[in-house]
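Below is one structure, written out as structure tokens, with a few remarks after it.
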Amino acid sequence: MLSIRAAALALPLFLLAAAPAPPDAPAKGAPPLKAAPAEKPAVSWAMIRIGGSYPEHLALEDASGLFGSGDETFFSLLRRLKRAEQDAALAGVVLDLTGPVDLDLGQVSEIQARVRGIRKAGKRVAALLSLAETKHFLLAAECDEVLMDPAGAMMLTGGRLEVLYVKPLLDKLGLAFDGVQRGKYKNALEPLTCAEMTPASKEVYEAILDRLHAEIVRAGVEGRKIPDARFREILEQGPFSARESQRRGLVDALVADSDLAARLGAAKGAGPAPIIRGYGKRRPKGPASLMDLLSLFKPPAAAAPEGDRISIVFLEGMISEGESGDPFSGGAILRGPTVRILKRLQSDASVKAVVLRVNSPGGSAAASDAIAREVKALAAKKPVIASFGGMAASGGYYFAAPARRILADPMTLTGSIGVFGGKLVMKDLFEKVGIRPQVLARGKRSGIFSPTSPFSEDERKALEAMMEDTYQDFLKVVAEGRKMKVEDADRVGQGRVWTGADASARGLVDELGGLWESIQVAKKEAGIPEDRKMPIEILPKPKTLFEAIFEAPDASGQTRAPANGLGAVLGAIDPALPRLESTVRFLRSSPCRPLALWPVSLQGR
């Protein structure tokens, strides 16, 4: 079941010694010349484990050389898959999918494309499963062969959508949200202000669920070669044991890990195949010396990159005002640093093209607009390609709209062109616990930010006017960037969320493709030959441990999401609740400010 809740590529180098040209005839008494031995066929298999979650970018400099293998980013995973595709020494690739897979749906689409590339290069791809859920199946179905541990199971039961509405709980606590939204489908506040799903939200979620279900069916029919009607029946009858999964054609064979090498070798009538486990992954350096540890506290070097290159700017997390956040948690797109990066790229003639890798639900409308202006200025000087990851919604779409071209994965969640604003009202809670606010005021709208009372009619009209102006600014940026009329932008806007495939059909996305395809489009737009290898610059550069410890946090406090026990408790109840909790904190820190945000978390199993 899928439960939905709210540097250049390093290729292997071979050093060949230059041999002298052979004489026309062998010397007297010398043995006859022998023909060069025929090239041995590739027999080795690369094993690449895909499991857990993958950030797009690391906020803290990777110290894996000292403390272990380190966190792997999604980009580094893609590079490993691309390296395997181009490695002539490999006969095939094994995707180890035996652990939990917490990829977002856009990342699933992108890995599927990389698997197809490996197969197109003439290599076989096998998937190894244990306890498989829907995302495991979507990845495995792209492979030539699907193997499952004999004690495994296939939890394939179709798609399901659950959105938790917490207004009844807030009512019991004496809390309420009072707000204004612009856009029929802008439902960011709905779980906080409604007891059940509205028709508009149901329309959006049904469309997303239909697209997901169609993708599951496509994987079964095209990938596993199961007739459409039969596969739809299978979806109604799961979950299945390993043996039953094999009988129904969901997997090809039951193979324990200890027998995997023999199984892979038998496919070519040979002995056990050599398996390169952890293929392409950086190895730890070993025990850290005192000098290694002290080096972490050195101030960062100021060396500037040199030579022609393509820059990838990773923009991940909520969009916030301010200059700095918590480098240990990451997960924020900060207005100040982002604007400075984009300005620097405008004047750097060595940067021939820029790829904006976006994975964001949005955030501050003002910060989004400021970033959008710099994207527009950059796109006027050199190719700027926006590559959407799992989500590029609301503010995440806002600042990407001026890019020359936009690429998204079929299951990317994007759009959500709309804004909202509001505040948390604590009046009833104060009465319950015996708190009596005493107020002195000057000005009839002085209480618009106050949590002690809801908006007056006059305050609400002022807030509605502000939201309308912000929404119109949003539409103008989209219309200009996408070369459409404002009326057409409004038609596909209204806060509605689209999948990448649906957004492509409506002009919000230029073509379907992932980060790798976006890099190729950037090269083409910059007039760089397809076969020319270009260095890749990754931005923003991860902070060193020195910077993380000694850099002063943003005095505004807006960008910091202080760790607390509530997020952990909510996450144990439901994975979507921490996102809802972070949205509440965002509203508390930014009362009445226009927000371009879609805070629903879509995660699946």
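Everything numeric here is computed off the predicted structure, so don't read it as measured data.
- Put simply, the side chain of Thr414 gets close to the backbone of Ala392: a donor and an acceptor are under 3.5 Å apart.
- Glu468 has a carboxylate O that lies under 4.0 Å from a charged side-chain N of Arg182, or vice versa, which qualifies the two as a salt bridge.
- Looking at Tyr471, its side chain does come within 3.5 Å of a backbone N or O of Gln494 through a donor-acceptor pair.
- Counting only distance, with no hydrogens or angles, the side chain of Ser360 and the backbone of Gly317 share a donor-acceptor pair below 3.5 Å.
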Q. Hey, mind stepping through Leu156 and Phe231 against side chain to side chain contact (heavy atoms under 4.5 Å, CB included) and telling me if it holds?
A. CA-CA 11 Å; Leu156 187 65; Phe231 184 75; 4.0 Å; yes
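- Distance CG/Leu475 to OH/Tyr398: 9.5 Å, rounded to 0.5 Å.
- With rounding to the nearest 0.5 Å, the separation of CZ in Arg335 from CD in Glu321 is 4.5 Å.
- When side chains are defined from C-beta on, Leu105 does not count as touching Glu215, because their heavy atoms never get closer than 4.5 Å.
- Two residues are said to be in side-chain contact when any heavy atoms from C-beta on lie closer than 4.5 Å; Ile319 and Thr338 fail this criterion.
- Here the side chains of Met197 and Val163 are in contact, with some heavy-atom distance below 4.5 Å.
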Q: Could you please spell out the steps behind the side chain to side chain contact (heavy atoms under 4.5 Å, CB included) verdict for Ile208 and Leu161?
A: CA-CA 9 Å; Ile208 295 173; Leu161 188 148; 5.5 Å; no
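- For the pair Met154/Leu129, a side-chain contact is recorded, criterion being any heavy-atom separation below 4.5 Å from C-beta on.
- For the pair Asp409 (side chain) and Thr412 (backbone), a donor-acceptor distance under 3.5 Å is absent.
- To the nearest 0.5 Å, atoms CD (Glu517) and CD (Gln520) are separated by 8.0 Å.
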(Q) For Lys461 and Glu457: C-alpha separation, side-chain torsions, deciding distance, then whether salt bridge (charged side-chain N to carboxylate O under 4.0 Å, His left out) applies. (A) CA-CA 6 Å; Lys461 288 181 179 179; Glu457 183 177 348; 3.8 Å; yes
Q.
Could you go through Asp510 and Arg482, starting from their C-alpha distance and side-chain angles, then the distance that decides it, and tell me whether this counts as salt bridge (charged side-chain N to carboxylate O under 4.0 Å, His left out)?
A. CA-CA 9 Å; Asp510 293 300; Arg482 300 283 77 215; 3.0 Å; yes
Q.
Please determine whether side chain to side chain donor-acceptor pair (under 3.5 Å) holds for the pair Lys167 and Thr193, giving the CA-CA distance in whole Å, both sets of side-chain angles, and the decisive distance to 0.1 Å.
A. CA-CA 6 Å; Lys167 184 180 184 302; Thr193 59; over 6 Å; no
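- Side chain of Glu316 to main chain of Glu56: a donor-acceptor pair is present (N/O by atom type, distance under 3.5 Å, no hydrogens or angles).
- Using the six-membered ring where Trp is involved, Phe314 and Phe75 have ring planes that are tilted, between 30° and 60° apart.
- For the pairing with Glu142, the salt bridge (Lys or Arg N to Asp or Glu O under 4.0 Å) check across Arg218, Arg114, Arg224 returns one residue only, Arg218.
- A donor-acceptor pair under 3.5 Å is absent between the side-chain atoms of Ser245 and the main chain of Leu250, judged by distance alone.
- Judged purely by atom type and a 3.5 angstrom limit, Ser446 uses its side chain to pair as donor or acceptor with the backbone of Gly443.
- In this structure a side-chain-to-backbone donor-acceptor pair under 3.5 Å is missing from Arg496 to Arg491.
- At least one donor-acceptor pair under 3.5 Å links the side chain of Tyr397 to the backbone N or O of Leu508.
- Residue Ser456 holds its OG atom at 7.5 Å from CD1 of Ile448, rounded to the nearest 0.5 Å.
- With values rounded to the nearest 0.5 angstrom, Asp369 atom CG is found 12.5 Å from Phe399 atom CZ.
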Q | Stepwise side chain to side chain contact (heavy atoms under 4.5 Å, CB included) test for Leu95 and Leu81 | A | CA-CA 10 Å; Leu95 297 185; Leu81 291 167; 4.1 Å; yes
Q: Please assess Arg232 against Val217 for the test side chain to side chain contact (heavy atoms under 4.5 Å, CB included), listing each intermediate value before the final yes or no.
A: CA-CA 7 Å; Arg232 291 178 186 273; Val217 172; 3.8 Å; yes
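- Using a 4.5 Å heavy-atom threshold, the side chains of Arg460 and Leu463 count as separate.
- With rounding to the nearest 0.5 angstrom, the CD atom of Glu190 is 9.5 Å from the CD atom of Glu196.
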Q: Just do the salt bridge (charged side-chain N to carboxylate O under 4.0 Å, His left out) check on Glu431 and Lys427 with the steps written out, would you?
A: CA-CA 6 Å; Glu431 291 180 359; Lys427 178 174 179 290; 3.3 Å; yes
Q: Could you walk me through whether Glu110 and Arg357 pass salt bridge (charged side-chain N to carboxylate O under 4.0 Å, His left out), step by step?
A: CA-CA 13 Å; Glu110 197 146 351; Arg357 177 64 171 184; 3.2 Å; yes
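- When atom types are taken as modelled, the side chain of Ser504 and the backbone of Ala501 share no donor-acceptor pair closer than 3.5 angstrom.
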